[in-house]
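We count residues from 1, following the sequence as given.
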Amino acid sequence: MRKLLAAIVATVGLSAAAQAKDTVRIAFVGPLTGGNSAIGLGGRNSADLAVKLRNGGGKAKYQYELVVLDDECKPDTGVQVATKAGSDRSVVAGVTHYCSVVAIATVDTYHRFGLPVIVWGAVLPDITYGNDYKEIHRVNGTMINQNETNAKFVTGRGYKRVAVIHDTTDYGKGHDKYFSQFLTKDGGQVLIDLGVTADQQDFTAELTQVKAQNPEVLYFGGLTPIGVRIRAQMDKLGLNAQFDGTSGIVNDDFIKALGPLAEGVLAFREGAPAEKLPGGNKFLEDYNKQGYTNPPEAYGPFAYAAADILMDAIEKVGPDRKKIIAELTKVKDRDTIVGKVTFDEHGQNTVPVITKYVVQDGKWVLWEDSEYASGKRKLRGK
C-alpha cells in the first residue's frame, strides 16, 4: 500500500512539473485615467480577455501575464511608462497606446529598448510611416483613410462650406491636414481653420468667429473632452452647423456627457462595430462573461487582436524580443476578430473598411442603419 501511495505521489509530482509553465509578461499601455479613460479601460479589458482565454485554453506553451500601465494620454507620462516597460527585461512585448500624441512620443523609446509593440488605437500616420523602426507595428488603420471617407461623405450630401476646429497636438493637426486636403479635392471649401489647446475650456471666441462664416458643417479634429465642450458651447451660441468628428469621439462618454445635444453628430472610424466583425459576437460574449464594468468601446477589438497576434508570435519563437520582432514581419493575411491583418514593411496594417457613425437616440449607430440615412431624420446645417 505504501509503495502504491508513493508511486501515485511521484506520478502526481511529475505531472505537475510537466504542467508548470514559464510566465511571459506583456505590457498593455493606454489612458486609464482622465478624459479618454473609457477607451483605455475598454482596451485594457480586451487585452486582458485575450490573455485569459489563452491561459485557459490549455494549449499554450507559456502562462501569460498582462502588465497594465497608464499613459494618461500625456506624452511625458507615456515616455515614462514606455521606459518602464522597455527596461524591464521580463516584459517581452507591448499592446500600446490609443492617443496619437503619446504613441508618436514613445516610438524612439521602444526602438531604443528593442521592445516589439503593436499599437491598438492611435491613428497618426507617422507612428509607423515616420520611421524605420522594426519594433513598431499597428493593427488599426490611420487617419488618412478615415478623413478621405469623411470628406467624400460630407460633400456627397451637398455640404460645401466647412469650418474646422482642431486641437494643436500632432493628432489634431494631422486630422486637419488630411480632412482639409480631401475636402478641397472633393469640391468643398474650408471657410476658417482654428487650432485650440487640449486643455482649453472656453471656445466662445473661436465659435463666434466660426458663426460669422455661416458654415454648414463644423469639422472637429480632436478627442472626446474638447469635443464635448465645443458641441455644448455651439448650442449656447446658436451655431446650427452639423457637427462632424473623428474616431476620437466614438465612445459612450461623448454621448453621456452631452445627452440630447449629441443627437445627429457624425464621426468616422476604421474597422467595423464589434458585432459585425469576424468573430465579433463571440468576442462580445466572452467579454461579457468576464463581468468587466466597462464596455470594450470602439477600439477594444483592436487591443484584443494585438495581444492575440503577440502571443501567437511568442508561442512560435519564444519570449525573445528580437525573435518576436522578426516573427511579426511574417504576419500576412492573419485572421483576427478585426479581419485579416497584414503588416507592411513599416509594420502598418491596412484596414480598408471605414465605418460611418451617427448618434441616434443616445447611441452610436451605423449610418446605413440609421433613420438619418433613410431620410426619416435630417442632419443639421441644411
Side-chain angles (χ1 to χ4, degrees), residues 143 145-166 175-176 178-180 182-194 203 206-224 226-270 272-273 276 298 353-382:
M143 61 177 61
N145 310 93
Q146 190 184 126
N147 282 290
E148 183 176 20
T149 299
N150 193 336
K152 279 189 167 105
F153 181 89
V154 166
T155 55
R157 265 136 204 88
Y159 293 116
K160 299 294 182 184
R161 296 167 52 81
V162 180
V164 173
I165 294 181
H166 63 89
H175 275 296
D176 173 36
Y178 292 111
F179 178 78
S180 299
F182 288 120
L183 182 78
T184 304
K185 179 182 176 183
D186 293 334
Q189 179 185 5
V190 176
L191 302 173
I192 186 170
D193 190 322
L194 302 171
F203 299 92
E206 289 84 2
L207 291 173
T208 299
Q209 293 179 63
V210 167
K211 185 177 180 181
Q213 298 294 322
N214 193 30
E216 298 165 312
V217 173
L218 173 58
Y219 171 86
F220 168 65
L223 300 174
T224 294
I226 318 177
V228 166
R229 293 173 210 140
I230 291 175
R231 176 63 193 91
Q233 291 173 38
M234 281 174 64
D235 207 59
K236 290 181 180 178
L237 289 173
L239 177 55
N240 193 42
Q242 172 62 41
F243 192 89
D244 174 27
T246 70
S247 57
I249 65 170
V250 184
N251 57 74
D252 292 345
D253 277 4
F254 180 84
I255 297 173
K256 288 176 184 175
L258 283 170
L261 289 179
E263 179 70 29
V265 165
L266 295 169
F268 299 75
R269 180 178 67 82
E270 64 278 8
K276 293 185 180 291
V353 177
I354 303 296
T355 302
K356 302 178 281 288
Y357 287 97
V358 63
V359 178
Q360 178 178 303
D361 297 329
K363 294 181 180 178
W364 288 106
V365 177
L366 268 68
W367 172 261
E368 291 81 1
D369 297 342
S370 73
E371 292 185 359
Y372 291 93
S374 68
K376 290 183 180 179
R377 303 192 195 193
K378 301 294 182 184
L379 295 173
R380 296 163 67 97
K382 300 296 288 184

[X]: partners by side chain to side chain donor-acceptor pair (under 3.5 Å), with sequence neighbours left out:
X: S180; value: D176
X: R380; value: N240
X: Q360; value: none
X: K356; value: E368

query: Between F153 and D244, does a side chain to side chain contact (heavy atoms under 4.5 Å, CB included) hold up when you go through it step by step?
result: CA-CA 11 Å; F153 181 89; D244 174 27; over 6 Å; no
Drop me the distance from [X]'s [atom1] to [Y]'s [atom2], to the nearest 0.5 angstrom.
X: F179; Y: H166; atom1: CZ; atom2: NE2; answer: 12.5 Å
X: L237; Y: L207; atom1: CG; atom2: CG; answer: 5.5 Å
X: Y159; Y: L266; atom1: OH; atom2: CG; answer: 7.0 Å
X: F268; Y: N150; atom1: CZ; atom2: CG; answer: 4.0 Å

- request: Using the side-chain hydrogen bond (donor to acceptor under 3.5 Å, both in side chains) rule, collect all pairs that involve residues 245-265, keeping only residues at least two apart or in two chains.
  value: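 Residue pairs with at least one partner in residues 245-265: Q146-S247, Y171-T246, T224-N251, S247-Y299, E263-Y372, E263-R377.
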- prompt: When you measure from the side chain of Q242 to the backbone N and O of L379, does any donor-acceptor pair fall under 3.5 Å?
  reply: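 Here the side-chain-to-backbone pair does not exist.
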So, for [X] and [Y], which heavy atoms are closest and what is the spacing to 0.1 Å?
X: D193; Y: V190; result: CB-CG1, 4.2 Å
X: A272; Y: R269; result: O-NH2, 3.3 Å
X: V228; Y: L258; result: O-CD2, 3.5 Å

field: salt bridge (Lys or Arg N to Asp or Glu O under 4.0 Å) partners for K152, two or more places apart
entry: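 Residues passing salt bridge (Lys or Arg N to Asp or Glu O under 4.0 Å) with K152: E148.
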message: Would you say that F243 contacts I249 through its side chain, given a criterion of any heavy-atom pair below 4.5 Å between the two side chains?
response: yes
message: side chain to side chain contact (heavy atoms under 4.5 Å, CB included), that's the test. Do H175 and M143 meet it? Break it down for me.
response: CA-CA 6 Å; H175 275 296; M143 61 177 61; 3.4 Å; yes
